[in-house]
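Structure first, then comments.
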Amino acid sequence: DYKTFHRLFLQSQQEDQIADAITKIADGDTSYQMNLAGLEGKELRVGNMINSIGTGLERALQEQVKSERLKADLITNVSHDIKTPVASIRAYAEGLAAHMDTTPEKRMKFAEVIIRKCDEVSALTNDLFLHALSDMDKLEMNMHEVKLCAFMRKAVAELISDMDSVRLYLPDSEWVISADEKRLMQLTENILNNAAKYGKMPVDITIRQKDNDTVQINFKDYGNGMKDEDIPFALDKFYRGKNSADKPGAGLGLYIVKYITNKMNGEVRLYNHVDGLEVVVELPVKG
């Protein structure tokens with residue numbers, strides 16, 4: 001009869017509509033959304049599922065495009081950043097080859113510049129290596145007991161040639177934490193490099209106990225701080241704040257600080273002050 005014919009006809013139309021939507025999404029039109037008007041029952045549920053699948057695929061595609069763009073930017077930025085110290089290394093090496101180091105003082109200056117620029121290249125490649133490992137979530141942590149105050153004295157002595165650029169405020173007491181000493185050194189170096197690049201020295205490093213289970217390492221510089229709108233995103237991968245301007249960097253420094261801290265079961269936070277930026281690293285005390 002007519003009613004049966006009409007019902008079957010509508011069902012056929014709805015099935016064709018569903019098949020057409022599946023075909024469009026399968027062919028790559030992930031933004032396609034079915035018109036659900038007139039659908040009901042099983043067909044409506046299927047239509048909703050198809051639209052949800054399309055939305056999910058579209059979001060994943062956009063994230064992939066964004067990730068590829070960020071990786072391209074990273075390669076561009078790091079390539080640019082590496083060229084500068086390499087050019088300096090070559091210039092000073094050519095100066096040594098041409099015997100321009102006519103006094104012991106000049107020779108020492110040439111050598112110091114070459115060593116410093118090599119350290120800059122090493123820091124960039126370390127960041128890239130850690131970025132690759134974090135992408136694969138395969139960063140291995142060699143955790144063992146570390147005396148935090150003793151470690152920080154050693155770290156500053158190794159990382160800073162001008163000791164007046166860092167002021168240590170360490171208590172007489174000592175705290176033992178469970179940490180990877182190599183990664184903790186990288187974390188400290190990244191924060192100090194960030195302060196030297198974007199802030200203003202000296203940097204105050206203060207260690208204090210937050211509570212019975214947690215100790216804080218506070219790094220405070222005396223620059224212009226960070227834009228308030230940048231604070232929520234400054235620890236994200238590839239993020240570069242408004243104050244980065246033309247300064248070299250790939251937006252990995254603070255991200256790696258957060259990544260290493262999280263791997264050691266800690267937390268990191270940023271605070272803006274009227275006279276600079278403060279990075280607070282919280283780590284659990286070993287019981």
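Along the sequence shown, residues are numbered consecutively beginning with 1.
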Do the side chains of [Y] and [X] get nearer than 4.5 Å, heavy atoms only?
X      : Y      : value
Val268 : Val280 : no
Met264 : Leu283 : yes
Phe151 : Met185 : yes
Ile217 : Ile205 : yes
Lys258 : Asp236 : yes
Leu270 : Val279 : yes
Leu184 : Leu148 : yes
Thr261 : Val257 : yes

To the nearest 0.5 Å, what is the distance between [atom1] on [X] and [atom2] on [Y]?
X      : Y      : atom1 : atom2 : result
Lys263 : Ile256 : NZ    : CD1   : 13.5 Å
Asp221 : Ile191 : CG    : CD1   : 11.0 Å
Tyr271 : Ile231 : OH    : CD1   : 10.5 Å
Gln33  : Asn51  : CD    : CG    : 4.0 Å
Arg153 : Leu170 : CZ    : CG    : 5.0 Å
Asn193 : Thr188 : CG    : OG1   : 10.5 Å

State plainly whether one hydrophobic cluster holds both [X] and [Y], where clusters connect Ile, Leu, Val, Met, Phe, Trp and Tyr through side-chain heavy atoms under 4.5 angstrom apart.
X      : Y      : result
Trp175 : Leu168 : yes
Met141 : Tyr259 : yes
Met152 : Leu159 : yes
Leu96  : Val113 : yes

Where is the tightest heavy-atom contact between [X] and [Y], given as atom of each residue plus distance?
X      : Y      : result
Pro85  : Val121 : CG-CG2, 3.7 Å
Thr206 : Arg208 : CG2-NH2, 3.5 Å
Ser178 : Met143 : O-CE, 3.3 Å
Ile160 : Ser165 : CG2-OG, 3.1 Å
Ile207 : Pro171 : O-CD, 3.4 Å
Val146 : Ala179 : CG2-O, 3.9 Å

In plain terms, say whether Lys109 and Asp101 are close enough for a salt bridge, that is, a side-chain N and a carboxylate O under 4.0 Å apart.
-> no
With a 4.0 Å cut-off, would you call Glu267 and Lys210 a salt bridge?
-> no
Within 45° of the six-membered ring axis of Tyr222 and under 6.0 Å from that ring's centre, is NZ or CZ of Lys220 located there?
->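 Judged by the rule (NZ or CZ under 6.0 Å from the ring centre, within 45° of its axis), Lys220 counts as positioned above Tyr222.
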Counting distance only, does the side-chain N/O of Lys286 pair as donor-acceptor with the main-chain N or O of His144 below 3.5 Å?
->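 Checking the backbone N and O of His144 against the side chain of Lys286, no donor-acceptor pair under 3.5 Å is found.
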Is there a donor-acceptor pair closer than 3.5 Å between any side-chain N or O of Glu174 and the backbone N or O of Ala150?
->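 Side chain of Glu174 to backbone of Ala150, a donor-acceptor pair under 3.5 Å: yes, one is there.
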What pairs meet the salt bridge (charged side-chain N to carboxylate O under 4.0 Å, His left out) rule with one or both residues in residues 89-98, with sequence neighbours excluded?
-> Arg90-Glu94
[X] [atom1]: over 12 foreign heavy atoms closer than 6.0 Å:
X      : atom1 : result
Asn212 : CG    : no
Asn218 : CG    : yes
Met100 : CE    : no

Could you go through the side-chain contact (heavy atoms from CB on, under 4.5 Å) check for Gln216 and Arg269 one step at a time?
-> CA-CA 11 Å; Gln216 288 183 339; Arg269 293 189 299 276; 3.8 Å; yes
